[in-house]
Amino acid sequence: MTGVPTARPASAALTALWRLTLAGLLVCLVGLLPWLSRTDPALTVLKARSAERDPTPEALAAVRDQLGLDAGPFRLLGDWLGALAQGDAGHSWISGSAVLPAVGQALGVSLLLMAGAMVVALSTAAAVCARPLWLGARRRLGSPRAGGTAAMLAALPEFLTASVLATVVGVQLGWLPALGWYGPRWMVLPSLALGLPAGALLGRLLADALPGVLAQPWASAAAARGLSGRRVARQALRHCVPGLLPNLGLFVVGLTGGAVAVEQIFDIPGLGRLTLEAATAQDLPVLQAGTLALVLLAAVAGGLARAAARLLLGPALRDGAVQSPPRPAPPGRRTAPLVYGALLVAVVAFGLARDPLGLDTAARLAAPSWEHPFGTDALGRDVLARVAHGALGTLAVALAVSAAALVAGVLLGLVPRVSGAVVDTVNAVPPVLAGLLVAGIAGSGPATPALAVAAVAWAPLAAHAGALLERERAATHITATRALGASEAYVLRRELLPAVVPPVLRHALLRLPGVALALAALGFLGLGAQPPSPEWGLLLAENLPYAERAPWSVLAPAAVLALLGALAVTAAGGVRLPRYARGRGQGPGWRARTDVPTPRRRRPEPRRHATEE
Amino acid sequence: MRSVRRRRPAAGLLSASLTVLSAALLTGCFASGGADGGSGGSDGLPSGSSSGGRLRVALAFPPTENFSPYGADATLLSRLGVTEGLTRLDGNGAATPALAESWTRENDRTWLFTLREARFQDGTEVTPAAVAASLTHATRAKPLPTALSGVSLTATPSGDHRVRVTTEAADPALPQRLAGPSLAVLAPKAFKADGANGKQGAAGGGAKAGEGARPDLVATATGPFALAKVNGSASATLNRFDDYWGGRAHASGIDAKFIADGTARANALRSGDVDIAEAIPVSQAASLTEGTAREVPTARNTSLVLNTRSGVFADPAIRAAARAAIDTPALATGVYEGHADPGQGLYGPALTWAEGKRVRPADRARPASAQDVRAALKGRAITLATYDNRPELPETAQVLQQRLEKAGFTVKLTVREYGRLESDALAGKFDAVVAARNSMLDTGDPVSILSSDFTCDGSYNLALLCDKAVDRAVTTADAVADQGERQDAAMAAEARILGTDAVVPLVHQRIIVGVAPSVRGVDLDPYERSLVTAGTRR
């Protein structure tokens, strides 16, 4: 919760109060949703019950009367909260059945799905960082890998993975059930679809942090003392994992409430679908209960993650004796980003000359040919042209949103005591609900989707920044700097931010493709890009039903998205703050920083590690 | 380092808590029910092969109101062979006997229905008193079932075998109306409000118990299959009702799953998890094996509705230009891949009577030229709205966009989820809407849709049409009692409506049902009220 290792009871109570306030605020916002967005709940409820029914004034009046809507939102909310205090979360406005059992059941299903996904994610993460860990522990790690493959995997939209797995493994090969949720065998495919990208992202973040830790003096000391590589590796993990635990907690919550696409494709009765249906139908009792359950889960998961981080760092945190990993020097010149970039530019350049909107239903779903190098979509439009024309719009908005999320994330990460609870709460809000809330508050203008995505995208970055800061603040060299009379501002500017910003920036870039997809996912609310715009997320969504018959129509946008992910991450390897530019070429890869910095000017004293064992 | 030795407790605690958590999770967080059917299917185990096997059915729409017969779930119940009304519709849209053997019209407002010997699924007899009580409950449901909108009827028992139904105003279409799934006949047991479902009327804490209480459908209807167990909106188990008046059903029961995603439904059929999958999306039809996709024309149309009140389409010549620009056969083949018929009128090929009675729309406006259209638009774009519940609609809208732009229009598309579109569409905020609509509604009467969609007071008047000649023609049609003449009058009114160019019928949809090769006797009903019957077997 805070950068102070031992939270005093008073501050703990304050934090709890702050959490409670936030949860209350969120539930109130949800309760006011129809009135904020000026959509008549009687109408949406009527339509959710029976799509074909005409909204006659009598029918609407009957629904309004039945639900007691005329009492107004505050009365409804008050009644609901009052009943909740007695353990009754009310009845669904649509089906009339009790909310609590339904939400409880869905939550159970979702938690189980999440657990499966976590197993996959942790295995994937382990696979991704196995190499740096193995080599690093044996002091054979040269300059770090750029990690394009993992970034590509992380960029894969889970709905695509899910539908490919369901069709290929479930239906065509018949190895595993393609849908349903009846036992452990049914868990495999959905867990894979959810866990692979999440694990790739986590693994990438871990692999990003590992080399720095392994370059610390203890590691060479341990090696010199003859400790086995395995023990060194274990110790290295212990240093890195705390910085990622908050993100792991966020994943747990995000996968529980936000696995809508996977739940739909595999027909899993989880919380994501439940809240989505409740949100579109404005079934407020269900929506409020579902949101509250997620916020609760978020608080528990967040608390556990922080406790685990403390346990792992142990007394070092309290004593301000953490060894801060030295910042990595830029990896040497690599061709990977150039290759990825060139490929992306080539695709866009070739496609820009073509017509992205020209329909020809006679040539629908045509396979790739000289005429249509990437084939055509369901309306006979050239996929290459659409991918290329969509690039600029997709990238511009996604970059802007990511940049805003980065700034907000780092700033709020600086005050973890305040933002910790906000991060947990915001992260618990299902994306669709976030879209609806933002649209309700800000109106459905052209900037709304970007705003809605940015409103939640900062949370994981803030969590990451907060975790890194906590460790950094307790670092020996910070204590020393302070002892030498450096002001707080100086410490922040010259020590803390430079240590925190680069990894968080790489994290933000890793999430860039996800942001692009999230923007498109709000389309069905009437927000964001509308057909026939060739925005990438929209391309993927509109071609998904044809994924089996015309794989190229989804593979092309998925491939460029993966390419974008790889490009972003590999290019970010070179990101560094100006003062480190001097450090270039001074070491084979990593500079240890055990020297005490002098406030005026820091003298770099690069230390070469023994590369022999 | 001193921390080296302290590592174990921390890691131990973590892994221990994880183990506890996962153990807790594994105890019963899977979906209940359907497990037998599901595993049986995927393992390829035969479950009661030749006769009496259970049917596994994937339905598209989950029950939204706990199988209340007064809303959309009514169709679900009748499609699964659970409920029946006094009458049912035949292929021509005429009422035929169901629970009522015959009926006579005593006077303008009164009809007398003679019941057949039948039993409810709870074993009690179908008596005139029970039928009358059941109908009376439907008239008190809130909101009122669509089949009863604008009608006020009273049902009273008459003698040992008859029920007298009186309407406040003359209702020539009453027998068709009574075929509506929401007017199914239920046993008195269903209405005991103190039952398990009694509380549900009090939804939202607003305390409206009693009158609004939903009937309990478990073994209280009269159809060949009785509802036995419901697992929320995920699945339902039905068992054969042995005393069905029409003879024992072939299948011993039904395991129904509700799978909202169209691709998932198709996958369920392909992987052998289900025997019947309804409403296969057009995009998935091609991936089914030859012969498993069966299709039937439905009364559902996709139409372009133009806003006649405000914007450029208030001008009939501009509307005519839009109509003339559209190539409906290209939509049927290009977007619907041949799984639809080109738009002919408001009544499509599913309504067999319509074919011979079609009237050419008279005095249509002359289409404006592309130049005139551009002048009328004054550089602004028209908004064409549609919804994405089915992928065909946005695709249709995009094809229309291209055609309209060739005719001089500039078109901007708006695609939303249906619930977020309708109120704006009804308020006339768009210039044009592409919408799918069932032309027979819940009444089975061709005139209902005309009055709700195209008259000044219509409740679903997307075109915002208010045309005296149209209103007159619809009123005339509504007064005709004889079925054939009523259809003639409806066709005359249809021609009037098409003459205004307020609506352009694009395609008449077909419903695609995926049926495993071993399954026989699936009822492909153009009114979408029937699917599994006593004769369905595998």
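In what follows, chains are A, B, ... by sequence order, proteins preceding strands, each numbered from 1.
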If you look at every heavy atom in [X] and [Y], which pair is closest and at what distance?
{"X": "B:Leu413", "Y": "A:Pro531", "value": "CB-O, 3.2 Å"}
{"X": "B:Ser459", "Y": "A:Thr56", "value": "CB-CG2, 3.5 Å"}
{"X": "B:Gly334", "Y": "A:Thr361", "value": "CA-CB, 3.7 Å"}
{"X": "B:Ser287", "Y": "A:Glu548", "value": "CB-OE1, 4.1 Å"}
{"X": "A:Ala166", "Y": "B:Asn267", "value": "CB-ND2, 4.1 Å"}

Q) Between A:Ala48, A:Pro269, A:Pro55, which residue shows the highest count of heavy-atom pairs closer than 4.5 Å to chain B? A) A:Pro55
What part of [X] lies closer than 4.5 angstrom to a heavy atom of chain A: side chain, backbone, both or neither?
{"X": "B:Phe258", "answer": "backbone"}
{"X": "B:Arg403", "answer": "neither"}
{"X": "B:Val282", "answer": "backbone"}
{"X": "B:Ile259", "answer": "both"}
{"X": "B:Leu331", "answer": "neither"}

For [X], is it the side chain, the backbone, both or neither that has a heavy atom under 4.5 Å from a heavy atom of chain B?
{"X": "A:Leu46", "result": "side chain"}
{"X": "A:Glu277", "result": "neither"}
{"X": "A:Arg381", "result": "side chain"}
{"X": "A:Ile94", "result": "both"}
{"X": "A:Ala83", "result": "neither"}
{"X": "A:Leu379", "result": "side chain"}

Mind checking the [atom1]-[atom2] spacing from [X] to [Y]? Nearest 0.5 Å is all I need.
{"X": "B:Tyr70", "Y": "A:Ser50", "atom1": "OH", "atom2": "OG", "answer": "15.0 Å"}
{"X": "A:Gln530", "Y": "B:Lys412", "atom1": "CD", "atom2": "NZ", "answer": "7.5 Å"}
{"X": "B:Gln284", "Y": "A:Thr167", "atom1": "CD", "atom2": "OG1", "answer": "7.5 Å"}
{"X": "A:Asp267", "Y": "B:Ser235", "atom1": "CG", "atom2": "OG", "answer": "9.5 Å"}
{"X": "B:Leu400", "Y": "A:Leu359", "atom1": "CG", "atom2": "CG", "answer": "10.0 Å"}
{"X": "A:Glu542", "Y": "B:Ser283", "atom1": "CD", "atom2": "OG", "answer": "12.5 Å"}

Q | Side-chain touch B:Ser68/A:Arg49, heavy atoms, less than 4.5 angstrom | A |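 Contact flag for B:Ser68/A:Arg49 side chains = no.
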Q.
Quick check: do A:Glu58 and B:Leu144 have side-chain heavy atoms less than 4.5 Å from each other?
A. no
Q. Is the CZ atom of A:Arg75 crowded by more than 12 outside heavy atoms at less than 6.0 Å?
A.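 Check fails, neighbour count at 12 or below.
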